[in-house]
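Notes follow the structure.
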Amino acid sequence: MHARPCVQTACLLLFLSTSHAASPWPQFRGPAGDGIVLDQSVPLTFGEKENLVWKSELPGKAWSSPVIADGVVWATTAIEVFPNEEERLELLRAAGIEEKKFKQLAVAKTIQLKLFALDLQSGRQLARIELTEVATPDPIHSLNSYASPTPVIDGDQIYCHFGTYGTFCVNRKSREITWQRRLPLDHSVGPGSSPLIDGDRLILIQDGTERQYVTALDKNSGETIWETDRPEMDAPTGDQKKAYCTPIKITDSLGREQLICMGSQWMVAYEPATGKEIWKVRHGKGFSVVPRPVYSDGIVYFSTGFGKPQLWAVKVDGSGDVTDTHVQWTVMKGIPAKPSPILHNGLIYVMEDNGIASCFEADSGDEVWKKRIGGKYSASPLLVGDRIYLGSHEGTVTVISAGRDSEVLAENQLDGQIMASPAVVDDSLILRTADAIYRFK
């Protein structure tokens, strides 16, 4: 954040204060969408029997993060009906999958998509809302789930997005579905992009293998307001055009509102009201992009996705193709393909998928430190006060200190795999594993 660390948080919280009032954790990565919590305190050490307020098991498989408002924790899930091995191979062949990809893919006979509500104080289940049932869903990557996008809370509504399997607006009070839409898309390995609320618009990034576009739906009706195709790509296959990123909204120094929508090969900024392209930058051959960008002080920072992930810093005050004019710096090694970065007090922290944490100077990209933590990572890191929480596939949550002289402070072990990013509310850490949701305080 350079010399003005409050710019990012202040601008985003000002925007979010109108649409997310009374929502302590309304969306993926929290109130500002950046994984930063400065005004709360959560335990340094915790576990199955330490500092545990409650643990509630949930059925199904889902990597979506919990969202929280008005004393209720909301979480989506997908209940799968599994085929036997013979049926599995038959389903993969019927889907036109190459045999060499069979090992890395999972498939279900049917899936039931549900929304659960848990009491924040006790963990007791308050509601189970049946959203839809899908017969013969597409295969997904074995590391993915059919319910990976995180819902977003806005006023009395919660919006649950499952990519090609449907988008649902649910009233949090009546627990009835207000509207639903299905925007078909070939994800190749399953859904991943989470929605963003911007005023009366629900923003969805729809980067599939056959078509890549961004759309805004009327949040009250689900009707399409606009949709804009992505820039042309030169990838040899649609598999290298797909992406799974979640947008952010900023206002630049010229007063222009921008939707920052990362995708394969291109980072693009759009006008929120019209979908008109403002600027774009060609970042190379990166595809299947997952990390959510972060923004501060006129610069957006983003990872370029699979292939060979890089970290880019790009000024946002341009127009048209700014590839040759607005790139501030790039870091070529040690960058994550899935976990999102943290940007705070002039430093950028990243957690590489294979267990190496790094810190860089935000103004130059120069490395400050690098640490081997161990494990494998998909969940995005969380900064609470002066600590960074890192949750691994192995169920280990490593806590390190933020700053230029970082050190490992604690290692906490839970029973289940961690793929979902954590949440913080009421000085409590809300963690989702493959099997349960926990509250630690």
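For this chain, numbers begin at 1 and follow the sequence in order.
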- Item | Any donor-acceptor N/O pair, Trp279 side chain to Met267 backbone, under 3.5 Å | no
- Query: Can a salt bridge be assigned to the pair Arg124 and Asp119 using a cut-off of 4.0 Å between side-chain N and carboxylate O?
  - Reply: no
- Task: Could you tell me whether Lys308 atom NZ has more than 12 heavy atoms of other residues or ligands within 6.0 Å of it?
- Result: no
- Item | Salt-bridge criterion met for Asp234 and Lys285 (N-O under 4.0 Å) | yes
- Task: Please round to the nearest 0.5 Å and tell me the distance separating atom CG of Asp138 and atom CD1 of Ile97.
- Result: 8.0 Å
- Message: Checking Trp179 against Glu223: is there a side-chain donor and acceptor pair closer than 3.5 Å?
- Response: no
- Query: Taking the six-membered ring for Trp, are Phe287 and Phe306 parallel (under 30°), tilted (30 to 60°) or perpendicular (over 60°)?
  - Reply: tilted
- Message: Would Leu429 and Tyr438 count as a side-chain contact (heavy atoms from CB on, under 4.5 Å) here? Give the steps.
- Response: CA-CA 8 Å; Leu429 183 65; Tyr438 298 75; over 6 Å; no
- Query: Is the side chain of Arg211 donor-acceptor paired with the backbone N or O of Leu185 at a distance under 3.5 Å, no angle test?
  - Reply: no
- Query: Between atom CG of Leu113 and atom CD of Glu130, what is the distance when rounded to the nearest 0.5 Å?
  - Reply: 10.0 Å
- Message: Assess the residue pair Lys241 and Arg230 against the criterion (side-chain contact (heavy atoms from CB on, under 4.5 Å)); give the C-alpha distance rounded to whole Å, side-chain angles, the decisive distance to 0.1 Å, and a yes or no.
- Response: CA-CA 10 Å; Lys241 297 179 181 181; Arg230 295 298 216 161; over 6 Å; no
- Query: Is the backbone of Cys245 close enough, under 3.5 Å, to the side chain of Ser193 for a donor and an acceptor to pair up by distance?
  - Reply: yes
- Message: Between Thr251 and Glu257, is the side-chain hydrogen bond (donor to acceptor under 3.5 Å, both in side chains) condition met? List the steps.
- Response: CA-CA 4 Å; Thr251 301; Glu257 293 186 333; 4.7 Å; no
- Item | Ser188-Thr209 side chain donor-acceptor pair, cut-off 3.5 Å | no
- Can you find a heavy atom in the side chain of Val214 that is under 4.5 Å from one in the side chain of Ile203? yes
- Message: Please check this pair: side chain of Gln258 against backbone of Val316, looking for a donor-acceptor N/O pair closer than 3.5 Å.
- Response: yes
- Item | Distance, nearest 0.5 Å, that separates CG of Asp415 from OG1 of Thr433 | 8.0 Å
- Any donor-acceptor pair under 3.5 Å linking the side chain of Arg292 with the backbone of Ser194? no
- Task: Scan for side-chain hydrogen bond (donor to acceptor under 3.5 Å, both in side chains) pairs involving residues 36-45, sequence neighbours excluded, and state none if there are none.
- Result: Thr45-Glu50
- Query: Does any non-hydrogen side-chain atom of Val42 lie less than 4.5 Å from one of Asn51?
  - Reply: no
- Message: Under a 3.5 Å distance rule, please check whether Tyr244 uses its side chain to pair with a backbone N or O of His187 as donor and acceptor.
- Response: yes
- Task: Considering non-hydrogen atoms only, spot the tightest contact between Arg172 and Ile153 and give its length.
- Result: NE-CG2, 3.6 Å
- Check: Glu80 and Lys61 side chains under 4.5 Å, non-hydrogen atoms: yes
- Has Glu85 got more than 12 heavy atoms of other residues, nucleotides or ligands less than 6.0 Å from its CD? yes
- Task: Would you check, one step at a time, whether the test side-chain contact (heavy atoms from CB on, under 4.5 Å) holds for Phe162 with Thr76?
- Result: CA-CA 9 Å; Phe162 300 88; Thr76 57; 3.8 Å; yes
- Task: Starting from the C-alpha separation in whole Å, work towards a yes-or-no answer on side-chain contact (heavy atoms from CB on, under 4.5 Å) for His161 and Val152.
- Result: CA-CA 9 Å; His161 181 60; Val152 59; over 6 Å; no
- Item | Residues Glu90 and Arg93 bridged, charged N to O under 4.0 Å | no
- Check: Thr110 side chain, Ala135 main-chain N or O, donor-acceptor pair, under 3.5 Å: no
- Heavy atoms, side chains only, cut-off 4.5 Å: are Met351 and Pro336 in contact? no
- Query: Looking only at atom types and distance, does a side-chain atom of Arg181 sit under 3.5 Å from a main-chain N or O of Gly222, one as donor and one as acceptor?
  - Reply: yes
- Item | Point-to-point distance, once rounded to the nearest 0.5 Å, from CG of Leu115 to CH2 of Trp74 | 5.5 Å
- Query: Using 4.0 Å as the upper bound for N to carboxylate O, is an ion pair formed by Asp427 and Lys441?
  - Reply: no
- Task: Please work out whether the ring planes of Phe46 and Phe440 are parallel, tilted or perpendicular, with thresholds of 30° and 60°.
- Result: tilted
- Item | Side chain proximity check, Ser148 to Ser64, heavy atoms < 4.5 angstrom | no
- Message: If you count heavy atoms of other groups shown closer than 6.0 angstrom to CD of Glu57, is the number above 12?
- Response: no
- Item | side-chain contact (heavy atoms from CB on, under 4.5 Å) against Gln125, all qualifying residues, sequence neighbours excluded | Phe116, Leu118, Arg128
- Can you tell me how far CG of Leu343 sits from CD1 of Ile36, rounded to the nearest 0.5 angstrom? 6.5 Å
- Item | Glu87 (side chain) donor-acceptor with Asn84 (main chain) under 3.5 angstrom | yes
- Ignoring hydrogens and angles, state whether a donor on the side chain of Thr150 or Arg29 is under 3.5 Å from an acceptor on the partner side chain. no
- Query: Ile335 versus Phe360: any side-chain heavy-atom pair under 4.5 Å?
  - Reply: yes
- Note on the structure: One should read off an interatomic distance between Ile250 CD1 and Tyr295 OH, to the nearest 0.5 angstrom, of 4.0 Å
- Task: Run through Ser303, Ser380, Ser288, Ser378 and flag the one making a side-chain contact (heavy atoms from CB on, under 4.5 Å) with Lys338.
- Result: Ser378
- Under 3.5 Å side-chain donor-acceptor pair for Arg439 and Ser56: no
- Is the closest side-chain donor-acceptor distance between Thr396 and Glu394 under 3.5 Å? no
- Main-chain N/O of Ala379 paired to His393 side chain as donor or acceptor, under 3.5 Å: no
